[in-house]
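Naming convention: chains lettered A, B, ... in sequence-line order (proteins, then strands); numbering from 1 in each chain.
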2 protein chains.
Amino acid sequence: MNAQFKKGVLELIVLKSVVNKDMYGYELVEEVSKVVDVNEGTIYPLLKRLTNDHHFETYLKESTEGPPRKYYHITASGIMYVENLEDEWVEFANRVSEFLKEKKK
Amino acid sequence: MNAQFKKGVLELIVLKSVVNKDMYGYELVEEVSKVVDVNEGTIYPLLKRLTNDHHFETYLKESTEGPPRKYYHITASGIMYVENLEDEWVEFANRVSEFLKEKKK
DNA sequence: ACACACTACCTTACATTGTCAAGTACTAAA
DNA sequence: TTTAGTACTTGACAATGTAAGGTAGTGTGT
């Protein structure tokens with residue numbers, strides 16, 4: 001899978017995943033992997049960035065299946081950010097699709 | 001416009017543009033700009049990369065409107081490469097669109 | 001003749017983001 | 001007690017787009 005295509009889009013997928021319910025990192029790796037190939041080394045730094053930018057708040061919770069989980073909760077700022085990001089993606093993808101369709105004629 | 005979304009996609013747009021007819025750099029900057037914002041500093045290094053990878057061959061041609069133009073012609077290798085890249089992009093964009101649609105429910 | 005705008009190309013320093021590989025540590029099953 | 005699965009972290013690296021600057025040819029207006 002082309003690594004470049006994912007740039008910026010993984011952020012969108014992670015944010016959208018967390019909008020509905022708080023999730024922890026390892027869970028997100030699996031969730032995002034259903035859409036596009038991704039590995040831990042990509043997701044954890046991304047979560048840290050989004051937290052530093054105040055789009056996420058975090059809290060720890062014990063687990064019976066391993067070490068404590070760090071849960072991510074989206075903030076009001078995160079909500080605004082993801083809505084804007086989604087609009088941008090849709091607009092971008094549509095423009096590219098239109099271009100490719102034109103070229104096919 | 002989100003700079004990250006463009007990663008890899010500009011390459012696709014440039015390649016697709018040159019499939020039909022040979023084009024020169026400055027012309028490509030304007031062509032690609034119709035689809036997504038882009039500047040010269042992005043396109044010229046990209047053209048060089050694709051030429052180094054033997055996806056393009058180049059030749060110079062005089063112009064009455066300014067300095068000589070460097071034309072880019074796609075090679076057989078370039079054709080194969082762009083077809084594969086387009087398939088990957090379509091597959092990728094569909095997966096992301098599906099995911100976003102799911103989240104909307 | 002001179003300045004300016006437009007065409008056309010190139011390059012360097014930089015920022016961002018994804019990959020790979022390694023490491024830490026807890027729980028449970030073989 | 002070794003192994004597998006869960007869970008988080010980090011550092012060195014690669015790829016690609018951006019910004020800003022430079023060089024040079026052609027044509028227009030003053």
How is A:Gly25 classified with respect to the nucleic acid when contacts are heavy atoms under 4.0 Å: base, sugar-phosphate, or nothing?
->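 It contacts sugar-phosphate atoms only.
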Using 4.0 Å as the upper bound for N to carboxylate O, is an ion pair formed by A:Glu98 and B:Lys34?
->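 Answer for the salt bridge query: no.
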Whole-Å gap separating [atom2] ([N]) and [atom1] ([X]):
X	N	atom1	atom2	answer
A:Lys48	D:dC8	NZ	P	13 Å
B:Glu62	D:dA24	CD	P	16 Å
B:Phe5	D:dT18	CZ	C1'	17 Å
A:Asp53	C:dA15	CG	C1'	14 Å
B:Asn52	D:dT16	CG	C1'	15 Å
A:Asn2	C:dT19	CG	P	10 Å
A:Lys70	C:dA25	NZ	C1'	15 Å
B:Tyr24	C:dT7	OH	P	9 Å

Output yes when at least one side-chain N/O atom of [X] is less than 4.0 Å from OP1 or OP2 of [N], else no.
X	N	result
B:Arg69	D:dT26	no
A:Ser63	C:dC26	no
A:Tyr44	D:dT9	no
A:Asn39	C:dG18	no
B:Arg49	D:dT16	yes
B:Tyr26	C:dT7	yes

In terms of side-chain heavy atoms of [X], which of [options] is nearest?
X	options	value
A:Pro67	C:dC26, D:dT10, C:dT19	C:dC26
B:Glu65	C:dG18, C:dT7, D:dG17	C:dT7
A:Lys7	C:dC9, D:dC8, D:dA14	D:dA14
A:Glu11	C:dT17, C:dA8, C:dC10	C:dT17

Using a distance-only test with no angle check, is there a side-chain donor-acceptor pair under 3.5 angstrom linking B:Asp22 and B:Tyr59?
->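 Looking only at side-chain atoms, B:Tyr59 and B:Asp22 do form a donor-acceptor pair, the distance falling under 3.5 Å.
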Is there a donor and acceptor pair, one atom on the side chain of A:Glu40 and one on the base of D:dC8, closer than 3.5 Å?
->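 Such a pair is found, so the answer is yes.
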Using the ring of A:Tyr71 (Phe, Tyr or Trp, six-membered ring only), decide whether A:Lys61 places NZ or CZ under 6.0 Å from its centre and within 45 degrees of its axis.
->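 Yes, A:Lys61 sits over the ring of A:Tyr71.
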By nearest nucleotide on DNA chain C, pick out whichever of B:Leu60 and B:Gln4 is the more 5' one.
->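 Looking at DNA chain C, the more 5' nearest nucleotide goes with B:Leu60.
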Could you pick out which residue, A:Pro45 or A:Thr64, lies toward the 5' side of DNA chain C when each is mapped onto its nearest nucleotide?
->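 Nearest nucleotide further toward 5': that of A:Pro45.
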Could you tell me whether the side chain of B:Thr51 and the main chain of B:Leu47 form a donor-acceptor pair under 3.5 Å?
->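 The answer is yes, because a donor-acceptor pair under 3.5 Å joins these two groups.
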Does the B:Glu57 side chain pair with the main chain of B:His73, one donor and one acceptor, at a distance under 3.5 Å?
->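 Such a contact is absent between B:Glu57 side chain and B:His73 backbone.
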Considering heavy-atom distances to DNA chain D, does A:Gly66 or B:Lys6 have its closest nucleotide positioned more toward the 5' end?
->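 By nearest-heavy-atom nucleotide position, the 5'-most residue is A:Gly66.
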With rounding to the nearest 0.5 Å, note down the distance linking CG in A:Asp37 to NZ in A:Lys6.
->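 The NZ atom of A:Lys6 is 5.5 Å from CG of A:Asp37, to the nearest 0.5 Å.
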